[in-house]
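Notes for the one structure printed next.
Sequence lines set the chain letters: A, B, ... in the order given, protein chains first and strands last, and positions in each chain run from 1.
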There are 2 protein chains.
Amino acid sequence: MKESIEHKALRERGLRITQPRIVVYRALADVKAPLTAQEIVHSARLVDQATVYRTLELFVEAGIARKVNLQSGLVRYELNSDDHHHLTCTRCERVEDFRGCHVEKISSHALAHSRFFSTITSHSLELFGLCNSCSRT
Amino acid sequence: MKESIEHKALRERGLRITQPRIVVYRALADVKAPLTAQEIVHSARLVDQATVYRTLELFVEAGIARKVNLQSGLVRYELNSDDHHHLTCTRCERVEDFRGCHVEKISSHALAHSRFFSTITSHSLELFGLCNSCSRT
DNA sequence: CCCTATTTGCGAATTATTCGCAAATAGGGT
DNA sequence: ACCCTATTTGCGAATAATTCGCAAATAGGG
């Protein structure tokens, strides 16, 4: 029998497999857009608030998920699947993914000019605009 | 007699010149790193909390300042001087600026592949790493 | 099946942000 | 310089977001 994806993700990093962690993982897996902690709390009513926050932090540390910051100021989380970024509508908050980010050049350029850094471990790139239906009105 | 920079910024966008606005502007101008609303509240004790939040929102709408999202999850604000980005230490939160971001290529590539968007109005790019002194330990 | 380290749920504390409304005030007109 | 009014502020309190401490529950190795 096949091991589920969420079990695999947890087991691979030596984390205990618990109900709350599976629930949070699925909440993230089920949607396309990045979720806030509160959105997960409300969707997954069975899991306690504090646990959701703790689990999300854990996921980020373990590399299972990552934080995403959109304009709103709320931290959002999404599974760390692969290297994609977001194009967010500043009016309706619709999110579309895009790929093909060549931050390497930018990073190496930045590093070359940096006085205090010699390692870059991650980056965040977000594009903002108006989606077609919002720009029509 | 010369008009101060903060008066100019406010007047140019048709905003009233008030004490709180000047204080918040100076708080942002005086530091190099982006500040949270709370940091400004605590530094500028004379200005009420609610006013600080309102003023920051106003500045963003007016284009005087912009929001910056670092890992922490707190929204930070900085003056909208020119197009620079940040290299942030994930350990100690030290921030260094860098220039030379060529997001245009990335944006146009993203737009070309987008199904729902045809305008990009802004972007955010943040690099994260370890600063030299943190990576030593 | 036990045993223990880990994780959870709960309740409550903190912290961040927003709101409503009356008092204060900026700045145009005179 | 002085009114007048629309705007902005401060205050107090509400709301929302996040974190904490601790006792009860439980995952998973032996």
Look at the rings of His84(B) and His86(B) and say which category their plane angle falls in: under 30° parallel, 30 to 60° tilted, over 60° perpendicular.
perpendicular
So do the side chains of Leu15(B) and Arg21(B) get within less than 4.5 Å of each other, counting heavy atoms only?
yes
How many whole angstroms separate atom CD of Gln19(B) from atom C1' of dG10(D)?
15 Å
Name the residue closer to the 5' end of DNA chain C, choosing between Leu15(A) and Asp48(B) according to the nucleotide with the nearest heavy atom.
Leu15(A)
Report yes or no: does His42(B) contribute a side-chain atom to a donor-acceptor pair with the main-chain N or O of Gln38(B) at less than 3.5 Å?
yes
Residue Arg16(A), side-chain atoms from C-beta onward, closest of dC10(C), dA6(D), dT26(D):
dT26(D)
Rounded at 0.5 Å granularity, tell me how far CD in Glu39(A) sits from CG in Leu74(A).
8.0 Å
May I ask you to check if Arg94(B) and Phe116(A) form a cation-pi contact, with NZ or CZ under 6.0 angstrom from the six-membered ring centre and within 45° of the axis?
yes
dT8(D) P sits how many Å from Arg13(B) CZ, rounded?
16 Å
Determine yes or no for a side-chain-to-main-chain donor-acceptor pair under 3.5 angstrom, with Ser107(A) supplying the side chain and Val103(A) the backbone.
yes
Show, in sequence, the C-alpha distance, side-chain angles and deciding distance for Glu96(B) and Ser114(A), and conclude whether the side-chain hydrogen bond (donor to acceptor under 3.5 Å, both in side chains) test is met.
CA-CA 8 Å; Glu96(B) 185 181 35; Ser114(A) 169; 2.6 Å; yes
For Watson-Crick and G-U wobble pairs within 3.5 Å on both distances, what is DNA chain C written in dot-bracket notation, | included for inter-strand pairing?
||||||||||||||||||||||||||||||
Go through the steps for Tyr25(B) and Ile64(B) under the test side-chain contact (heavy atoms from CB on, under 4.5 Å), then give the verdict.
CA-CA 9 Å; Tyr25(B) 190 102; Ile64(B) 292 177; 3.7 Å; yes
Check each residue of residues 52-70 of chain A for a non-hydrogen atom within less than 4.0 Å of any atom in DNA chain D, then write out the ones that pass by number, or none.
Tyr53(A), Arg54(A)
Phosphate OP1/OP2 of dT25(C): any Thr18(B) side-chain N/O under 4.0 Å:
no
Separation of atom CZ in Arg21(B) from atom C1' in dA26(C), rounded to whole Å
10 Å
Between dT7(C) (C1') and Leu10(A) (CG): distance, integer Å
13 Å
If we ignore hydrogens and angles and just use 3.5 Å, is the side chain of Arg13(B) paired with the main-chain N or O of Ala62(B) as donor and acceptor?
yes
Per the under-4.0 Å heavy-atom filter, residues of residues 36-45 of chain B near DNA chain D come out as none
CD of Gln49(B) versus P of dG12(D): gap in Å, rounded?
12 Å
Atom-to-atom span, CZ of Arg11(B) to C1' of dG27(C) - whole angstrom:
14 Å
Donor-acceptor check, side chain of Thr121(B) to backbone of Phe128(A), threshold 3.5 angstrom: yes or no?
yes
Between His85(B) and Phe98(B), how do the two ring planes meet: parallel, tilted or perpendicular, split at 30° and 60°?
tilted
